[in-house]
Each structure stands twice: as C-alpha cells, then as structure tokens.
Amino acid sequence: MSKILVMIPSGEVYDHDCVRWYEYANIQASIDHYHNIGDAFVYDSSLKLLKFDKLDVLEIRTFDQAEVDRVNAEYDFVFLRGSNYINSEMRWPAATEQVLSKLKIPVLAFGVGAQAPVTGKLQLSEESKRMWRLIAEKSVTLGVRGAYTAEAMWDIGIRNTRIVGCPTAFRGLNPDLRIDLPPLERIKKVGVTMRREVSKAYARDVQVYLTKHRQMVKDLAARFDTVLMMQGEVEEKKLLWGTEEQKAEAWEALHKQEWLKNWYFDAEMDELYRTRLWYSDVVADYESLVRSKDMVLGYRLHGNLMALSNGVPSVYFSYDSRTAEFAETFGIPCYDVFSEKPFVLEEYWDQSLFERFNQRFYTRYRDMREFLDENGIAHRMPEVTAKPRAQKQAA
C-alpha cells in the first residue's frame, strides 16, 4: 500500500486524485478571499501523475518529534507541490526546517520555480537557501520549472536539478500528445485567460500591460465566441456569484482603482465583463471548459497549459520571468507584451511554431518520467514511444 504526503496543498481532494477549492459548494465561504485556482491545477495534475493508495498532508507549521517518527515509519515520500516558491519574498513557517531536517523519507520538489525581480539579480534569504539545500539533500534530483530556476539553484550550490516543466502539461498521461493546427477560419470558440491584477514587481510597465491586455480581449471578442476565464479574483467572483450588494461593491472597486480606470476598463470591456466572465472552484470544470474550445490564449500560465495538455492550441502572453521560462521550457508560441509590435494572431497560427512545442513536449515528458523513476517514485506515466508522433497529413 503506497502512502504519500503533500507539502503545501492547494484545495481539497475528492475521488482519489481530483482537486477543488475548500468548501467549494459554499460560495460565500471564500468569496472575499483570493486564491489562484491555477495552484489547484498543479496539485490536481501532480496527483494524476503519481501512483498512491493514501494521501495526507505533512504538517510544517509545528514540530512534533513523535509525529515525524510516525511519518517516517508509515509514508513513502512527501512531495512539494510545484509553485513559484523561489523568490526574495518567500517565508517558510518557522518549524518547517526542523520538520524537514528530521525526515528520513524522500522529499520531492515537483516542478518548482523561481521568480526573477523586474530589475537586478534574484536575492534569496539565508532561510530560503537553507530550505532548498535541505530539500535537495533529500532527493536524488530536484525537479525545477526551467533553465532560469536551475541557474538560481546552481547559484546557491545546488547541482542535482532536473528540468521537468510542470505536472499540468502531462496530466493527460499521453507521451504522444501533439498540437496540430486547423485552418484559422475554423476557429470559433475561444477561451481568454485573464489577469487584470498586476504589480510593478511583475510587469515593468503596468500601463502597457493593461492597455495591451484590454486590446487583446476586445479584438478576440469581436472576432470569436469568447469566454473570459478568471482564476479566483475576488471582484470577479462577486460579479458572478455574489449578492446584489456584493456585485455593486465589486463593480465599484474595479472602477475606482486608478490603473484599471485609466488603462483597462471602458464601455466595451464593461459589457464583456457583464456577459462573458467565467470561473469555477473545481479543476475538472476548467478542463471541461478548455476541451470545448478551439483555442485558449492569454496571460495565465496554468490556464494556457491546461489547454495545451488537452491538445488545444494556446499562445502565451509573456510579461515576467515565470511566463518566459515556461514558454521556453515547452517551446510554446509566446508574444512579448512589452515588445513594440502589436499582437497579430495570424503570425502565431503557424504549424512550424507548434512543432517546436510538439518536439519539446516529447522531451519534457521523458524528463518528467525519468525524474520520477530516478527518485524511486511510483507513477502512472506510460513509457515514451521510440520517436515523436508525426504531424497529421492535411485532409
């Protein structure tokens, strides 16, 4: 019987390997709380890759030697859900280092990533350096998102990294996954992954970011049957699910924020917000939605990756180091929000660009599978084929 632990989960688990937000059926329980459902995508996807009989949460907020002894005796390994943990602001619970130092079972870092500052070099606290060195010592290899994260780990003396991308890419357990583009004129239903909340810590020019975001949304809405896919923002949840009073509060909050008032909302965006918003606290709902679309594109790293993992074409809009690293790791067509060129969909609707993704996906799938094997982790990923599946012939 395989028993595993998760460190820093994101949502509640049901039906063995499916994730939804806590108290998802009680809308009011979390309507005032922002949680990025993209983190739940990664958690859900991790569980779909792993083979286990029982899952529990590792308590890292308090240290209890008897509890650690029990964990060491009863569990096979603990995995750290992939996220953007490697940054200058990350603070671990005080007891975490003590808990991990006493663990005798492997600690699996499952696609963790580093966040570069807008300017200057990434500076990690001494606490963070100790934590990552400790995690690296407890695994054969440390699974990282991409080359930038591997470099950040190298800079603090960690050499045993392997670039694996993100579990979300492989959730379909299909080593032969490909993106084969249909003619653009066949594209009718489009999902737009939205991120109107932004800070100068992520985007070097907020005005450019927001005005380009607005223009992209309006252009796609004029051309296709679009849905605006949110990922847990409080005001948007209130617009969708709130009482009349909460809806009014949300609308006021959105329109009094100076950046949004000046660079994002106008009459056309207001109408799209009234008619096209979509959100769910259940990961499976997102997967069902992207499967119903001909294309998904936009600003959300995991929302776009959920589409690609289901064979739906996606284009990334890059505005920070995370997105750029992801696009590079998987060879995903990517538009630089801060370039001087306007976004033209036709320039990205090119099979040769997606062949780069197809080849890179094949390689990263193999890397992820080998990463789990070399760490002695039981998993559900089928073996890769001898070579990537060829492009479909045009009908």
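Residue numbers run from 1 in the order of the sequence given. Small disclaimer: the values here were computed from a predicted structure and weren't measured.
- For Tyr319 and His213, the ring centers are positioned 6.0 Å apart or more.
- Val190 places a side-chain heavy atom less than 4.5 Å from the side chain of Leu297.
- Between Leu100 and Leu58 the shortest side-chain heavy-atom distance falls below 4.5 Å.
- Using a 4.0 Å cut-off between charged nitrogen and carboxylate oxygen, Arg70 and Glu67 count as a salt-bridge pair.
- In terms of the salt bridge (Lys or Arg N to Asp or Glu O under 4.0 Å) criterion, residue partners of Lys247 (sequence neighbours excluded) are, by chain and number, Glu244.
- For the pair Asp32 and Lys238, the salt-bridge criterion is met [side-chain N within less than 4.0 Å of a carboxylate O].
- Side chains of Gln359 and Glu355: no donor on one and acceptor on the other come within 3.5 Å.
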- Please lay out, stage by stage, how Arg20 and Asp285 fare under the test salt bridge (Lys or Arg N to Asp or Glu O under 4.0 Å). CA-CA 9 Å; Arg20 59 198 177 198; Asp285 290 348; over 6 Å; no
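- A ring-centre distance under 6.0 Å is not found for Tyr209 and Phe338.
- A donor and an acceptor atom, one from each side chain of Arg276 and Thr226, are located under 3.5 Å apart.
- For the pair Leu301/Tyr316, a side-chain contact is recorded, criterion being any heavy-atom separation below 4.5 Å from C-beta on.
- Not counting sequence neighbours, the partners of Lys341 by the side chain to side chain donor-acceptor pair (under 3.5 Å) test are Glu347.
- For the pair Tyr148/Leu122, a side-chain contact is recorded, criterion being any heavy-atom separation below 4.5 Å from C-beta on.
- Within 6.0 Å of the CH2 atom in Trp241, the count of heavy atoms belonging to other residues, nucleotides or ligands exceeds 12.
- When side chains are defined from C-beta on, Leu134 counts as touching Ser101, because their heavy atoms get closer than 4.5 Å.
- Taking 4.0 Å as the cut-off between side-chain N and carboxylate O, Arg196 and Glu233 do not count as a salt-bridged pair.
- Looking at His302 and Asn36, their side chains never bring a donor and an acceptor atom within 3.5 Å of each other.
- In this structure, the side chains of Phe79 and Leu47 come closer than 4.5 Å at one or more pairs of heavy atoms.
- For NZ of Lys3, the number of neighbouring non-hydrogen atoms (other residues, nucleotides, ligands) closer than 6.0 Å is greater than 12.
- For His33, the ring-ring contact (aromatic ring centres under 6.0 Å, His included) test picks out His35, with sequence neighbours left out.
- In terms of the side chain to side chain contact (heavy atoms under 4.5 Å, CB included) criterion, residue partners of Val206 (sequence neighbours excluded) are, by chain and number, Val198, Lys200, Leu210, Trp259, Trp263.
- Once rounded to the nearest 0.5 Å, the distance linking CG of Leu240 with CG of Leu277 reads 5.0 Å.
- The pair Asp56-Lys54 counts as a salt bridge, with a side-chain nitrogen and a carboxylate oxygen less than 4.0 angstrom apart.
- In this structure, CZ in Arg223 is found 10.5 Å from NZ in Lys188, a value given to the nearest 0.5 Å.
- Counting Ile, Leu, Val, Met, Phe, Trp and Tyr side chains that sit under 4.5 Å apart, directly or through other members, Val234 shares a hydrophobic cluster with Tyr34.
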- Tell me, with the steps shown, if Arg214 and Glu268 meet salt bridge (Lys or Arg N to Asp or Glu O under 4.0 Å). CA-CA 10 Å; Arg214 175 176 62 188; Glu268 192 173 347; over 6 Å; no
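- Looking only at distances, a side-chain donor or acceptor of Tyr22 sits under 3.5 Å from a matching main-chain atom of Gly11.
- Residues Glu374 and Thr141 bring a donor and an acceptor atom of their side chains to less than 3.5 Å of each other.
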- Could you walk me through whether Lys48 and Asp44 pass salt bridge (Lys or Arg N to Asp or Glu O under 4.0 Å), step by step? CA-CA 6 Å; Lys48 285 176 169 48; Asp44 182 287; 2.8 Å; yes
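- Within the structure, ring-ring contact (aromatic ring centres under 6.0 Å, His included) contacts touching residues 158-190 (residues at least two apart or in different chains) are Phe170-Phe330, Phe170-Phe361, Phe170-Tyr365.
- Ring geometry for Tyr348 versus Tyr335: interplanar angle over 60°, hence perpendicular rather than tilted (30 to 60°).
- Counting heavy atoms from C-beta on, the side chains of Leu80 and Leu108 never come closer than 4.5 Å.
- The number of heavy atoms from other shown groups lying within 6.0 Å of CD (Glu245) does not exceed 12.
- Inspection of the Ser10 and Asp39 side chains reveals no N or O donor paired with an N or O acceptor under 3.5 Å.
- Contacts classified as salt bridge (charged side-chain N to carboxylate O under 4.0 Å, His left out) and involving residues 308-335 (residues at least two apart or in different chains) are given here: Arg145-Glu325, Asp320-Arg322, Glu328-Arg356, Glu328-Arg360.
- Grouped by direct or indirect side-chain proximity (heavy atoms under 4.5 Å, Ile/Leu/Val/Met/Phe/Trp/Tyr only), Val42 sits alone.
- Partners of Glu287 by side chain to side chain donor-acceptor pair (under 3.5 Å), not counting sequence neighbours, listed by chain and number: Arg171, Asn310.
- Between Lys102 and Asp64 there is no salt bridge, since no side-chain N of the basic residue sits under 4.0 Å from a carboxylate O of the acidic one.
- Applying the side chain to side chain donor-acceptor pair (under 3.5 Å) criterion to Glu59, with sequence neighbours excluded, gives Arg61.
- Taking all atoms of both residues into account, the shortest heavy-atom contact from Asp294 to Pro313 is O-CD, 3.4 Å.
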- Item | Test log, rule side chain to side chain donor-acceptor pair (under 3.5 Å), inputs Ser2 and Asp53 | CA-CA 5 Å; Ser2 177; Asp53 298 298; 5.0 Å; no
- Message: With side chain to side chain donor-acceptor pair (under 3.5 Å) as the criterion, how do Asp281 and Tyr279 come out once you've worked through the C-alpha distance, each side chain's angles and the decisive distance to 0.1 Å?
- Response: CA-CA 7 Å; Asp281 268 338; Tyr279 175 70; 2.4 Å; yes
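- Residues Gln231 and Glu236 have side chains that never bring a donor and an acceptor to within less than 3.5 angstrom of each other.
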- Walk me through it: do Lys261 and Lys256 pass the test side-chain contact (heavy atoms from CB on, under 4.5 Å)? CA-CA 6 Å; Lys261 182 173 65 175; Lys256 74 178 182 181; over 6 Å; no
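- For Glu346, the CD atom counts as densely surrounded, since its 6.0 Å shell holds more than 12 non-hydrogen atoms of other residues, nucleotides or ligands.
- Comment: Arg274 engages Glu271 in a salt bridge, judged by a side-chain N to carboxylate O separation of less than 4.0 angstrom.
- Ionic pairing of Glu197 and Arg300 is present here: one or more N-O contacts between side-chain nitrogen and carboxylate oxygen are shorter than 4.0 angstrom.
- Residues forming a ring-ring contact (aromatic ring centres under 6.0 Å, His included) with Trp349 (at least two apart in sequence, or on another chain): none.
- A pairwise comparison of heavy atoms in Trp92 and Thr96 identifies CE3-CG2, 4.0 Å as the closest pair.
- Note: Tyr85 and Trp132 have tilted aromatic rings, judged against thresholds of 30 and 60 degrees for the angle between ring planes.
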- Task: Could you walk me through whether Lys212 and Phe317 pass the side-chain contact (heavy atoms from CB on, under 4.5 Å) test, one step at a time?
- Result: CA-CA 10 Å; Lys212 282 198 173 183; Phe317 280 63; over 6 Å; no
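- Here Tyr14 sits in one hydrophobic cluster together with Tyr24, Val282; the rule is ILVMFWY side chains under 4.5 Å apart, joined directly or through other members.
- Residues Met368 and Leu49 meet the side-chain proximity criterion, which asks for heavy atoms closer than 4.5 Å.
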